[in-house]
Amino acid sequence: YSIEMIAKMMKELDADVVGMNEVDSVTTRTGREYQVKKLAEKMGNWHYFYGRAMPYQGGAYGNAIVLSPEYKKTGEKLLALPKGMGSEPRSCPVVISDKFVYMATHLDVKNEEARLAGAKIITDWAKNNYGNSDMPVFLCGDMNCEPNDTPIRQLEKDWTLISVTKNTFPSTGATKCIDFIFALKNKAQYEVLASDVPLVFESGSVSQASDPLPVYADVKLK
């Protein structure tokens, strides 16, 4: 119910691309609203892509990406992540632009084996398609684990962590860092100018807009 607030906050941050987790598509609980389409419209008719993870309440539940029209969207891909011993199916939508590739996922909340399996599928796809490329590939999301946990250590073999590891969950009185932004270790040239977990916005209450808190990375492409 906070899509309009989120759009204002992302504009306040001067974002170029936004990845979101736990996004509904025309479910009964959110009034049959196509949430990512509404966000894209509120952002100023941005590109968007919805990554359905599973059917839910007459619609779907999953992850989403919105991309500034300053970039040309050249492709999209949806990676289905297996349920395994986890709590529910997961997904990883991918948006390919003329300047970079952006992936947004949400790993399993209950089972480390499922988190590791999902991370491997994501990494294998990125390496198979862009491992020897100079195209920057960014991966963001709620990984449902902390910086020293095994799934993050496994990801860091092939990805560089470019976001701060400040606490993001819960959104009020955060005690854990579970949200991250990575860049694939390939031939891409970029510079990370800043990263933070913003807590204060003129356009609304960050703890009401989302849980966990948002995390951003300001990256200069070369």
Side-chain angles (χ1 to χ4, degrees), residues 1-25 33-52 62-79 91-106 122 125-126 129-130 133-142 159-164 168 179-184 186-204 206 209-210 212-222:
Y1 304 109
S2 54
I3 293 295
E4 189 163 353
M5 185 191 302
I6 290 170
K8 290 178 180 178
M9 289 175 170
M10 294 303 96
K11 285 196 253 184
E12 200 173 318
L13 281 178
D14 196 23
D16 291 303
V17 59
V18 181
M20 299 180 70
N21 306 135
E22 299 186 17
V23 180
D24 279 6
S25 171
E33 189 169 70
Y34 192 10
Q35 289 190 316
V36 64
K37 183 174 185 289
K38 180 179 179 180
L39 177 69
E41 290 170 350
K42 295 292 183 181
M43 293 290 289
N45 294 318
W46 282 26
H47 307 295
Y48 64 90
F49 180 48
Y50 183 69
R52 175 190 177 113
N63 307 298
I65 296 171
V66 292
L67 172 71
S68 169
E70 293 182 14
Y71 300 92
K72 182 180 179 182
K73 181 182 172 187
T74 60
E76 58 189 38
K77 173 76 175 179
L78 180 60
L79 305 180
S91 71
C92 182
V94 182
V95 164
I96 303 162
S97 79
D98 55 336
K99 299 293 185 182
F100 57 85
V101 177
Y102 196 77
M103 311 174 74
T105 196
H106 182 198
I122 291 166
W125 184 88
N129 288 277
Y130 296 99
S133 169
D134 60 2
M135 175 73 90
V137 181
F138 302 107
L139 168 66
C140 77
D142 177 351
W159 302 82
T160 300
L161 178 61
I162 62 171
S163 60
V164 294
T168 56
D179 299 88
F180 304 86
I181 304 171
F182 296 93
L184 185 67
N186 60 6
K187 297 177 183 178
Q189 297 293 310
Y190 62 88
E191 180 183 0
V192 181
L193 303 178
S195 178
D196 206 357
V197 175
L199 300 177
V200 179
F201 288 85
E202 293 181 0
S203 44
V206 67
S210 173
L213 295 167
V215 58
Y216 74 82
D218 186 8
V219 178
K220 180 179 181 181
L221 303 181
K222 296 183 178 180

At what distance, to the nearest 0.5 angstrom, does [atom1] of [X] lie from [atom2] of [Y]?
X	Y	atom1	atom2	result
Lys37	Tyr50	NZ	OH	15.0 Å
Leu184	Ile122	CG	CD1	12.0 Å
Leu67	Glu76	CG	CD	11.0 Å
Lys220	Tyr190	NZ	OH	15.0 Å
Leu221	Asp134	CG	CG	11.0 Å
Lys99	Met135	NZ	CE	9.0 Å

Would you say the side-chain atoms of [X] pair up with the backbone N or O of [Y], donor to acceptor, closer than 3.5 Å?
X	Y	answer
Asp98	Lys72	yes
Asn21	Thr105	yes
Ser68	Asp16	no
Tyr71	His47	no
Ser163	Phe180	no
Lys11	Lys42	yes
Tyr216	Ala15	no

Please report the shortest heavy-atom distance between [X] and [Y], naming the atom on each side.
X	Y	result
Pro212	Asp142	CG-OD2, 4.0 Å
Cys140	Gly19	SG-CA, 4.0 Å
Ala104	Ala64	CB-O, 4.2 Å
Val94	Trp125	CG1-CH2, 3.7 Å
Ser195	Val215	OG-CG2, 4.4 Å

Heavy-atom count around [X] [atom1] within 6.0 Å, excluding the residue itself: above 12?
X	atom1	answer
Lys8	NZ	no
Glu191	CD	yes
Lys38	NZ	yes

Any heavy-atom pair between the side chains of [Y] and [X] that's under 4.5 Å?
X	Y	value
Val164	Val197	yes
Val17	Phe138	no
Ser97	Tyr102	no
Val206	Pro198	no
Met20	Ile6	yes
Tyr48	Tyr34	yes
Met103	Leu79	yes
Val66	Val36	yes

Name all residues meeting the side-chain hydrogen bond (donor to acceptor under 3.5 Å, both in side chains) criterion together with Ser203; count only those two or more places apart in sequence or in a different chain, and write none if there are none.
Glu12

Using salt bridge (Lys or Arg N to Asp or Glu O under 4.0 Å) as the criterion, list what pairs up with Asp24, not counting sequence neighbours.
Arg29

Working for side-chain contact (heavy atoms from CB on, under 4.5 Å), residues Trp159 and Val137:
CA-CA 9 Å; Trp159 302 82; Val137 181; 3.9 Å; yes

Give the C-alpha distance, both sets of side-chain angles, the deciding distance and a yes or no for side-chain contact (heavy atoms from CB on, under 4.5 Å) between Ile96 and Tyr130.
CA-CA 11 Å; Ile96 303 162; Tyr130 296 99; 3.7 Å; yes

Leu13 vs Met9, side-chain contact (heavy atoms from CB on, under 4.5 Å): CA-CA, chis, key distance, verdict:
CA-CA 6 Å; Leu13 281 178; Met9 289 175 170; over 6 Å; no

By the definition side chain to side chain contact (heavy atoms under 4.5 Å, CB included), identify the one residue from Ile162, Val192, Val219 that meets it with Ile181.
Ile162

